Structure formats: structure tokens, C-alpha cells
Protein chains: 2
Amino acid sequence: MTAVKESSTNHLNKLDAITACPVSFTLTKIGGRWKPIIIFNLMTGGKRYGELKRAIPTITEKMLIQNLKELEADNLVERIAKPVIPPHVEYKLSEAGKALSPVMKSMVDWARKYNV
Amino acid sequence: MTAVKESSTNHLNKLDAITACPVSFTLTKIGGRWKPIIIFNLMTGGKRYGELKRAIPTITEKMLIQNLKELEADNLVERIAKPVIPPHVEYKLSEAGKALSPVMKSMVDWARKYNV
DNA sequence: CAGGATCCCTAATGATACTG
DNA sequence: CAGTATCATTAGGGATCCTG
């Protein structure tokens with residue numbers, strides 16, 4: 001029972017009542033090594049699995065599919081599979097995913113001002 | 001030589017030219033389990049080491065001091081030590097740290113709309 | 001009070017090979 | 001093409017004890 005949320009970025013799911021803060025919550029969804037990059041790539045529109053893999057050459061297939069599944073479970077990404085052979089699968093941001101745009105933008109702005 | 005930046009959140013320092021994105025950069029600074037919480041706590045003003053520890057009871061001393069040092073090295077936090085006995089040390093956000101406010105706010109906004 | 005130093009564990013990531 | 005499965009690695013986090 002209980003079978004909590006079983007989402008991503010596990011260390012951030014252990015938030016207790018005291019340390020819980022909305023910022024941490026958001027970071028459970030978009031934090032980690034690959035999610036920001038994946039989301040960033042999908043901001044410009046839906047992409048196929050293979051396209052994403054080519055767009056992010058340093059990611060392994062395991063990490064890519066794993067992160068995509070977590071993003072899908074968190075309702076940030078939608079998976080559209082066309083039942084053809086060979087398979088055709090597209091990933092695109094959901095409404096909640098697109099709504100991350102201000103978050104991404106503010107991070108980009110901050111990075112441009114304060115990096116290096 | 002090169003001795004790059006040697007900052008925090010190591011996995012995110014391995015960004016190569018291709019996957020590098022400003023969002024990831026920002027997350028190297030404020031990501032992880034504790035940094036957002038620490039920054040969040042300092043947003044309302046400077047605090048002493050002991051105050052922070054009490055404000056975040058679930059953090060260990062090791063993690064607290066380690067994250068504070070990383071934040072200091074990244075110039076997000078300033079450490080002000082008064083040479084008295086017993087020691088009196090205060091941590092406060094730097095200008096760059098305060099400039100994270102829009103980032104934090106956008107994350108809070110997103111969390112309020114899309115959490116559970 | 002504000003740390004430092006060790007030892008340990010697990011989650012997160014990665015490499016490689018295989019499949020409908 | 002779009003994934004699975006298995007094994008190995010490592011970095012992040014934690015427990016505990018010690019100190020100027």
C-alpha cells in the first residue's frame with residue numbers, strides 16, 4: 001500500500017513537511033543531469049526518439065528513455081506513438097511542460113548575467 | 001593546467017559544448033537536495049550557521065557546511081565571520097544570489113499550479 | 001559556536017549487448 | 001526505429017566522532 005508517487009529524482013522525493021518548499025518540488029520535476037536538456041530541446045517543438053538522441057549525443061539510450069518515461073509519468077511530456085513499422089514515436093511537451101517556459105527563461109537570463 | 005571551475009554538483013560540470021545549455025548551468029548552481037532550501041532560507045535575510053541548522057533540521061552539519069562552501073565558491077553566498085569567541089558567522093546572499101529571486105519565484109508559481 | 005575528518009551506503013549514471 | 005536487459009561505476013548524501 002501507500003506506494004507513494006514513485007517519481008523521478010528520488011532524493012528530492014524525501015521532502016518532509018519542514019524542508020518541503022515549492023522550489024524543491026519543481027526541481028524534482030526538472031532537475032537532474034538530463035531533464036533540463038531534454039525539456040530545452042522539446043521547447044522548440046515535438047521530436048522523435050531518434051531526433052532527441054541525435055540532438056543530445058552524450059546521453060545513453062538508457063538515460064534518454066528513462067528520463068522520458070519519468071517526464072511522461074510527471075505529465076510534463078506526452079508520448080505519441082504511431083502503430084507503424086518501423087515504429088514512429090514522438091515526444092512533445094504537455095501544457096504543464098510548456099508552462100515551464102518562464103522557469104527556463106529566468107534561468108537562462110540569470111545564467112547569461114552571472115556565468116563565468 | 002586548465003584546472004577548470006571545480007564547482008559544485010559535479011555531474012553537471014561535465015557539460016560538453018553540445019549539451020551545454022544555460023538552464024543546466026543555472027542548475028549546477030542551485031540544484032541538488034539542499035541548495036534550493038538554503039537559498040530559500042537566505043532570501044529573507046542573512047542567517048547564522050546555527051540558525052540555518054535549526055531552520056533546516058533534517059540537514060546534517062556536513063551537508064550544510066559543504067553546500068554553504070559551494071555556494072560561497074560560486075559567489076552566491078557571502079560568509080561574514082566576526083573574530084570573537086565563541087565564533088559568530090553569518091551567511092547572506094550576494095548580489096548574484098539575490099538575483100536568483102525571479103528564478104525562485106517562477107518555480108514557486110509553477111509548483112503552485114501544477115503540483116498534485 | 002562553527003566547523004573538520006572518516007567511513008559507509010545507496011541512488012544515479014554509464015557501457016554494452018540484445019529485441020519486437 | 002524505438003526501445004530492454006544486465007552489469008559496473010561513481011558521486012551525492014549521511015552517521016558519527018572530533019576540535020579551535
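Model, not experiment: these values are computed from the prediction. Lettering of chains follows the sequences in order, A, B, ..., and the numbering in each one begins at 1.
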Short N/O separations, protein against nucleotides 1-5 of chain D, under 3.5 angstrom:
from, atom 1, to, atom 2, distance (Å)
dC1(D), O3', R48(A), NH2, 3.0
dC1(D), O3', P87(A), O, 3.2
dA2(D), OP1, R48(A), NE, 2.8
dA2(D), OP1, R48(A), NH2, 2.9
dA2(D), OP1, V89(A), N, 3.2
dA2(D), OP2, G50(A), N, 2.9
dG3(D), OP1, R79(A), NH1, 2.3
dG3(D), OP2, Y91(A), OH, 2.6
dG3(D), N7, E61(A), OE1, 3.1
dG3(D), O6, E61(A), OE1, 2.8
dT4(D), O4, E61(A), OE1, 3.4

Output the distance between atom NZ (K29(B)) and atom CH2 (W110(A)), rounded to the nearest 0.5 Å.
6.5 Å
Between the CE atom in M43(B) and the NZ atom in K105(B), the distance rounded to the nearest 0.5 Å is 12.0 Å
Gap between atom CG of N41(B) and atom CD1 of I59(B) - 0.5 Å precision
9.5 Å
For Q66(B) and dG12(D), give me the distance from atom CD to atom P, rounded to whole Å.
8 Å
Distance in angstrom units between I59(B) CD1 and dA2(C) P, rounded
15 Å
What one should report as the nearest heavy-atom pair of A81(A) and V89(A) is CB-CG2, 4.0 Å
Between D109(A) and K113(A), is there a salt bridge with N-O shorter than 4.0 Å?
no
To the nearest angstrom, the CD1-C1' distance between I38(B) and dG13(D) comes to 13 Å
Value in whole Å for how far the P atom of dG3(C) lies from CG of L52(B)
10 Å
Given atom CG of L64(B) and atom C1' of dG14(D), what is their separation to the nearest angstrom?
14 Å
Quick one: is dG14(C) close enough that its OP1 or OP2 comes under 4.0 Å of any side-chain N or O from R33(A)?
yes
Charged N-O contact under 4.0 Å between K98(A) and E95(A):
yes
Here the distance between atom C1' of dA15(D) and atom NZ of K53(B), to the nearest Å, is 12 Å
Tell me the interatomic distance from M63(B), atom CE, to dT10(C), atom C1', rounded to whole angstroms.
13 Å
Qualifying residue, where the test is side-chain contact (heavy atoms from CB on, under 4.5 Å) with L71(B) and the options are L93(B), L42(B), I38(B)
I38(B)
Inter-axis angle, terminal five-pair segments of the helix from dC1(C)-dG20(D) to dG20(C)-dC1(D) [nearest 10°]
60°
Sole residue of M63(A), Q66(A), E70(A) in side-chain contact (heavy atoms from CB on, under 4.5 Å) with W34(A)
M63(A)
In terms of heavy-atom contacts, S106(B) and S106(A) come closest through OG-OG, 3.2 Å
